[in-house]
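Throughout, a chain's letter reflects where its sequence line sits, starting with A, and its residues are numbered from 1. Predicted model, so just to flag it, every value in this text is computed and none were measured. Just so you know, these numbers use all the heavy atoms, side chains as well, and skip hydrogens, waters and symmetry mates.
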Amino acid sequence: MKRIIYREWRIPPARYWSLLGILASVVGIGALAFAYMEHQGHWVTGMSNSVVWGTPHVFAVFLIISASGALNIASIGTVFRKPLYKPLGRLSGLLSAALLMGGLLVLVLDLGRPERLVVAMTTYNFRSIFAWNIFLYTGFMAIVIAYLWSMADRHGEPYNRPIGIVATFWRLALTTGTGAIFGFLVSRQAYDAAILAPMFVVMSFAYGLAIFMLVLMFSFGEEGRPIGDRILCRLKNLLGIFILGVFYFTLVYHLTKLYGAKNHDLVGWLLLDGGIYTFMFWVGWILVGGLMPLGIIYHPVLSKDRSWIAAACALVIVGGLASMYVIIIGSQAFPMQMFPGHTVLESGFFDGVQGAAAAYRPTIPEVLLGLGGVAVALLVTSVGVRVLQFLPESLADDVLPADEEVSAQQPAGAGA
Amino acid sequence: MGKTTEMKDHHEPTDQAADSRPADSSRRAFMGVAAGVTAAVVAPGVVLHSVTAAPRSEAVAGDVRWGLLIDTAKCADGCSACVDACGRENGLDLQSKPEGAAQAHWDDQKAVWIRKVKLRDNQTGRVTNLPMMCQHCEHPPCVDVCPTGASFKRADGIVMVDRHTCIGCRYCMMACPYKARSFIHEVMEDQLTRVPRGKGCVESCNLCVHRRDFGEASTACVDACREAGHEAIVFGDLKDPESTIRLRLAEMASRQIREDLSLNTGVRYSGI
């Protein structure tokens, strides 16, 4: 077996600094967008008392669950003993921490009183899943850092698997908690479904892996490091399985809702008459985020082409953002069912008059803040791989260990 | 009309604490000066705290539970007396549309504590008018979800927001089944002392809590409805079997909005 050597990302300085410059500019613009919204108040956003969480939450939740999913690769290597995935563990950990940082930043900067973050860190109501999430997020960050240490430092090696197991469970708890933020809301019909928690877990697998694959292919491609077909094929197939998983949960979610007569209006609206939300669901979530990448991944010819594989990953990410838009904003836009069997004729506060959905139009500062979070995640990753040894020198087929775990007596023999 | 301008919690200075102690003649002069300066610096703070604390020194007790009964048969179509009175009482009418904001969007962004809703029964066509506000649940979802505990329920059943610990996450607004909560989307320039209000926090009907603390017997909306000649809203102690609200609840059928959630609301409706 060849030894896996990790090396800093050494693309030409001009190229590296331009990349960093672009990312830093997006971060800067995001910061300005935050300053503007914070100074003016939320009236400059599309958010209102009807749609209280807007585009920043779409990005934040997407990044946070992707963070959890990005760690999947490390878990597969460590916890499920798949040696093939082990060389990817470091990047998986770094990307995971970076995505979480980006997502949390967006979430915090969209608070009405972001300067009171210290209150959120010191005053807790433990009946709130939100309060639990604060621990899940900060704990996740600490565990990932420990996990990285155990992967990179020889002294940490004995702890690698135990930490990996903790990280896996913590990650599942984190995504379950994030899904539960919505699933535990009894007030709104589209939420109030425990299935949202596992659905978020599976979504995190798909979105996190898609981001991971893009980052991997980009960073390796830029420097000319080889990625073998074996590992790419495995990752691609894994992505296909996760997309199918998302489909399954989406189907069961809607069937569950459809089963109760009280939810017929909701499902009908979302799937047929919801305007932008119907479009986002069918075109974004199902077609772009599901059917198209599946078509590529399982296509006999396209699935061999790396550009097409990268396109499939990009489509999954776009579809993921669309799914978050539908889940977070669409679910709020649908009027709350306060008076079943009645039609609201007039209301002093937009209670779904004549069944009308609440209006929401994303504004530029909201989008910029969200993109700023994405840029933070990529910036942290770029700096990380540049200064520390996160990336393996090669992922060529003859360098990588065997696909499956081999018995203790017979060490992994690669290069067959 | 509701009580609109009278302020009952203004900060009148009391006598003792404000006086700086004269320096003991046997001490040296600079000690006297030091004491005087210290008192002058510290006293205003002491005074403010003692004055505000004095009339409310007793903790809110749980032997009462404040609530409302709304008789929708008496709630008049087109009347907005309760909404207007609430606006004046709680300074909601002091909100102004920020320059450049679209009117329709602003209408959904400004804070509203009480609103009128007009319904039609899909089967029978019967039309009902009613006011909606925070339902002051016994098990409020907004309190459950608040990460910092800023959304809380007082011992007397009033559900409200501690504006010192609200971080503006709006999770309570996501959780409220009654759309009762509002977020302050804009910079506030004008506000009442009794109802402080700041950009970035969430708020909702608190049953005119400042009146509760001074032992008054009603809320602004109840007063306004009575003065408008409708008497559609009754305020009172749900725990007192002799209170008007309990006697009325005993004689007329009433229900809670979204009874299916078993929140045991403090606001009850008859005729829906």
Q: Top residue by heavy-atom pair count (under 4.5 Å) with chain B, among A:L345, A:V108, A:T123?
A: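 Looking at each option in turn, the highest pair count goes to A:L345.
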Q: Give, as side chain, backbone, both or neither, the part of A:F339 having an atom under 4.5 angstrom from any heavy atom of chain B.
A: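 The side chain, not the backbone.
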Q: Please identify, among A:R116, A:R127, A:Q337, the residue contributing the most non-hydrogen atom pairs under 4.5 Å to chain B.
A: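 With the most close heavy-atom pairs to chain B, the winner is A:R116.
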Q: What residue, out of A:S347, A:S48, A:G41, A:A131, has the most heavy-atom pairs lying under 4.5 Å from chain B?
A: A:S48
Q: Just by distance, no angles: are the side chains of B:H230 and B:D71 close enough, under 3.5 Å, to form a donor-acceptor pair?
A: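 Short answer, no.
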Q: Checking heavy atoms, do the side chain of A:M338, its backbone, both or neither come under 4.5 Å from chain B?
A: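 Backbone plus side chain of A:M338, per the 4.5 Å heavy-atom cut-off to chain B.
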Q: For the residue pair A:H57 and A:W53, categorise the inter-ring angle as parallel (less than 30°), tilted (30 to 60°) or perpendicular (more than 60°).
A: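 Ring orientation, 0 to 90° scale: parallel.
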Q: Would you say A:W132 has more than 12 foreign heavy atoms packed within less than 6.0 Å of its CH2?
A: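 Counting neighbours around CH2 of A:W132, 12 or fewer heavy atoms of other residues, nucleotides or ligands fall under 6.0 Å, so no.
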Q: Does the side chain of B:S182 come under 3.5 Å of the side chain of B:K110 through a donor N or O and an acceptor N or O?
A: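 No, because no side-chain N or O of B:S182 sits under 3.5 Å from a partner of the opposite role on B:K110.
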Q: How about B:Y269 and B:M132: do any of their side-chain heavy atoms sit closer than 4.5 Å?
A: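 B:Y269 reaches B:M132 side chain to side chain.
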Q: Going by the angle between their ring planes, with limits at 30° and 60°, are A:Y124 and A:F126 parallel, tilted or perpendicular?
A: parallel
Q: Out of A:L117, A:I134, A:V353, A:T45, which one racks up the most heavy-atom pairs below 4.5 Å with chain B?
A: A:T45
Q: Assign the ring pair B:W66 / B:F235 to parallel, tilted or perpendicular, where the plane angle (0 to 90°) is split at 30° and 60°.
A: parallel
Q: Checking B:A104 against chain A: side chain, backbone, both or neither under 4.5 Å from a heavy atom?
A: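 Backbone only.
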Q: Between B:K97 and chain A, with a heavy-atom cut-off of 4.5 Å, which part of the residue counts as in contact: side chain, backbone, both or neither?
A: neither
Q: With a 4.5 angstrom heavy-atom cut-off, which part of B:L261 approaches chain A: side chain, backbone, both or neither?
A: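 For B:L261, side-chain heavy atoms alone lie under 4.5 Å from chain A.
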Q: Need one label for B:N129: side chain, backbone, both or neither, based on atoms under 4.5 Å from any heavy atom in chain A.
A: neither
Q: Is chain A contacted by the side chain of B:L263, its backbone, both, or neither, given a heavy-atom distance below 4.5 Å?
A: neither
Q: Quick one: which of A:N125, A:D351, A:I181, A:N49 has the most heavy-atom pairs under 4.5 Å with chain B, could you say?
A: A:N49
Q: At a heavy-atom separation under 4.5 Å, does B:C176 approach chain A through its side chain, its backbone, both, or neither?
A: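 It is the backbone, since no side chain atom gets that close.
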Q: Which atoms of B:K179 come close to chain A, meaning under 4.5 Å heavy atom to heavy atom: side chain ones, backbone ones, both, or neither?
A: both
Q: Please state whether the side chain, the backbone, both or neither of B:R126 comes within less than 4.5 Å of a heavy atom of chain A.
A: neither
Q: With a 4.5 angstrom heavy-atom cut-off, which part of B:R255 approaches chain A: side chain, backbone, both or neither?
A: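 For B:R255, there is no contact with chain A at all, as no heavy atom is under 4.5 Å.
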Q: Under 4.5 Å from any heavy atom of chain A, what part of B:Q256 do you find: side chain, backbone, both or neither?
A: neither
